[in-house]
Amino acid sequence: MNFIPTKLEGCFIIEPKIILDERGYFMESFNENTFQKSVNQKVHFVQDNQSHSSKGVLRGLHYQTGEHAQAKLVRVLQGEVLDVAVDIRPNSPTFGQYEAVLLSGENQIQFFIPRGFAHGFLVLSDTATFFYKCDNFYSKESEGGISYNDQTINIDWGFPMDNLIISEKDKVQPNLENAKKAW
């Protein structure tokens, strides 16, 4: 696996080593020893989540706070998504900045997002199956969100905004400044 640091400290794009032959392919998608050494963090994943969504579905931007904060290792099993991490660490030099990565069942790229980031994704293909590992259990009381169209963050989703499919919860998320007041 090739671990590529991003402009956001602690976030990594992970390119797998794919072995192809006449039968198809094989790849190691996760190895705890390699992972921890490469990201230089002790991360122990405790929960796997999976979702299936249609084109135009935007999920996020979500995060967990306090003792329930979560690091995530995300990938796409089928389809294609634009995956986004936003730095919400108040003292970070990249606070409010984002990294966007194209993840697909074809490229098999993974994206590691440490604690202290909001996360979301937009489905670009007809459907997509999204899979992610979390290093902490979900806590409803600790969940938060930021508006996907926050003007300060200014994410380029590369998709017509009038064609998005968004949950009612995500439609009313606060902007970054108001979310920050709740921390």
Side-chain angles (χ1 to χ4, degrees), residues 1-21 23-53 55 57-65 68-89 92-138 145-146 148 153 155-159:
M1 285 187 252
N2 186 23
F3 287 73
I4 304 165
T6 69
K7 68 181 178 190
L8 304 177
E9 185 180 349
C11 287
F12 289 85
I13 297 168
I14 304 166
E15 296 175 332
K17 179 181 177 185
I18 300 173
I19 301 167
L20 296 166
D21 65 21
R23 300 169 296 170
Y25 74 88
F26 171 84
M27 69 177 228
E28 182 177 80
S29 62
F30 181 75
N31 177 303
E32 186 173 62
N33 292 334
T34 303
F35 181 83
Q36 289 183 1
K37 181 180 176 189
S38 298
V39 301
N40 198 29
Q41 298 178 43
K42 290 281 187 195
V43 181
H44 179 70
F45 294 109
V46 298
Q47 181 176 324
D48 287 350
N49 299 315
Q50 186 169 317
S51 67
H52 186 78
S53 305
K55 186 173 192 168
V57 168
L58 191 149
R59 295 181 187 261
L61 302 161
H62 304 143
Y63 58 87
Q64 295 271 285
T65 59
H68 298 287
Q70 292 179 323
K72 297 177 181 176
L73 179 60
V74 302
R75 62 191 281 214
V76 170
L77 303 176
Q78 171 272 318
E80 182 177 79
V81 308
L82 182 67
D83 197 76
V84 174
V86 178
D87 189 345
I88 59 171
R89 301 170 295 180
S92 171
T94 56
F95 175 81
Q97 293 182 31
Y98 75 94
E99 184 75 37
V101 181
L102 188 65
L103 305 177
S104 72
E106 187 173 313
N107 70 21
Q108 295 292 328
I109 290 174
Q110 297 182 68
F111 190 27
F112 174 64
I113 305 158
R115 294 179 181 198
F117 287 80
H119 173 255
F121 66 89
L122 171 64
V123 178
L124 302 174
S125 53
D126 288 340
T127 62
T129 303
F130 190 84
F131 177 85
Y132 59 105
K133 296 179 162 307
C134 299
D135 77 333
N136 208 349
F137 297 105
Y138 169 78
I146 299 168
Y148 67 94
I153 302 169
I155 297 170
D156 179 6
W157 293 100
F159 195 85

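With rounding to the nearest 0.5 angstrom, the CG atom of D126 is 11.0 Å from the CD atom of E80. Once rounded to the nearest 0.5 Å, the distance linking CZ of F111 with CD1 of I14 reads 9.5 Å. To the nearest 0.5 Å, atom CG of residue L102 and atom CG of residue N107 are 6.0 Å apart. Of the inter-residue distances, the one linking Q110 atom CD with K72 atom NZ reads 15.0 Å to the nearest 0.5 angstrom. If you take CE on M1 and CZ on F30, they are separated by 8.0 Å, rounding to the nearest 0.5 Å. Rounding to the nearest 0.5 Å gives a distance of 8.0 Å between NZ of K55 and CG of L124.
Checked against side-chain hydrogen bond (donor to acceptor under 3.5 Å, both in side chains), Y148 has no partners two or more places apart in sequence or in another chain. For I18, the side-chain contact (heavy atoms from CB on, under 4.5 Å) test picks out P16, L20, Y25, M27, Q108, with sequence neighbours left out. Contacts of D83 classified as side-chain hydrogen bond (donor to acceptor under 3.5 Å, both in side chains), with partners at least two apart in sequence or in another chain: H119. Judged as a side-chain hydrogen bond (donor to acceptor under 3.5 Å, both in side chains), and not counting sequence neighbours, the contacts of T129 are H52, Q78. A search for side-chain contact (heavy atoms from CB on, under 4.5 Å) contacts involving D48 returns F131, K133, not counting sequence neighbours. Judged as a side-chain contact (heavy atoms from CB on, under 4.5 Å), and not counting sequence neighbours, the contacts of A128 are V81, V123, S125. Taking E32 as the reference, H44 meet the side-chain hydrogen bond (donor to acceptor under 3.5 Å, both in side chains) condition, with sequence neighbours excluded. Legend: residues meeting ring pair (Phe, Tyr, Trp, His ring centres under 6.0 Å) with F121, ordered by chain and number and at least two apart, are F130.
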Under 3.5 Å, which donor-acceptor pairs do the side chains of residues 33-41 form with other protein atoms, sequence neighbours left out?
{"from": "T34", "atom 1": "OG1", "to": "N31", "atom 2": "OD1", "distance (Å)": "3.4"}
{"from": "Q36", "atom 1": "NE2", "to": "V43", "atom 2": "O", "distance (Å)": "2.7"}
{"from": "S38", "atom 1": "OG", "to": "T34", "atom 2": "O", "distance (Å)": "2.8"}

Donor-acceptor pairs are to be reported for all side-chain atoms of residues 2-13 against protein atoms at under 3.5 Å, with residues two or more places apart or in another chain.
{"from": "N2", "atom 1": "ND2", "to": "E15", "atom 2": "OE1", "distance (Å)": "3.1"}
{"from": "T6", "atom 1": "OG1", "to": "L8", "atom 2": "N", "distance (Å)": "3.2"}
{"from": "T6", "atom 1": "OG1", "to": "L8", "atom 2": "O", "distance (Å)": "3.2"}
{"from": "T6", "atom 1": "OG1", "to": "C11", "atom 2": "O", "distance (Å)": "3.2"}
{"from": "K7", "atom 1": "NZ", "to": "Y98", "atom 2": "O", "distance (Å)": "3.0"}

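Side-chain N or O atoms of N136 include one that pairs as donor or acceptor with a backbone N or O of A69 at under 3.5 Å.
A heavy-atom distance below 4.5 Å is found between the side chains of L77 and Q50.
Sorted by first and then second residue, the pairs that involve residues 103-120 and meet salt bridge (Lys or Arg N to Asp or Glu O under 4.0 Å), not counting sequence neighbours, are R115-D135. For the salt bridge (Lys or Arg N to Asp or Glu O under 4.0 Å) condition, no pair includes a residue of residues 116-125, sequence neighbours left out.
Of all heavy-atom pairs between F112 and A71, the closest is CE1-CB, 3.9 Å. Between A100 and L82 the shortest heavy-atom distance is CB-CD1, 3.9 Å. Residue Q47 comes nearest to N49 through the heavy atom pair NE2-OD1, 3.0 Å, listed as atom of the first residue, atom of the second, then distance. Contact between G145 and Y63 at its shortest, heavy atoms only, is N-CE2, 3.3 Å. Shortest non-hydrogen contact noted between Q70 and Y138 is NE2-N, 3.6 Å. Residues V84 and L61 approach most closely at CG1-CD2, 4.3 Å, considering heavy atoms.
Applying the 6.0 Å contact sphere to CG of D21 captures more than 12 heavy atoms from other residues, nucleotides or ligands.
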Decide side chain to side chain contact (heavy atoms under 4.5 Å, CB included) for R89 and F117; before the verdict, give the C-alpha distance in whole Å, the side-chain angles of both, and the deciding distance to 0.1 Å.
CA-CA 7 Å; R89 301 170 295 180; F117 287 80; 3.5 Å; yes
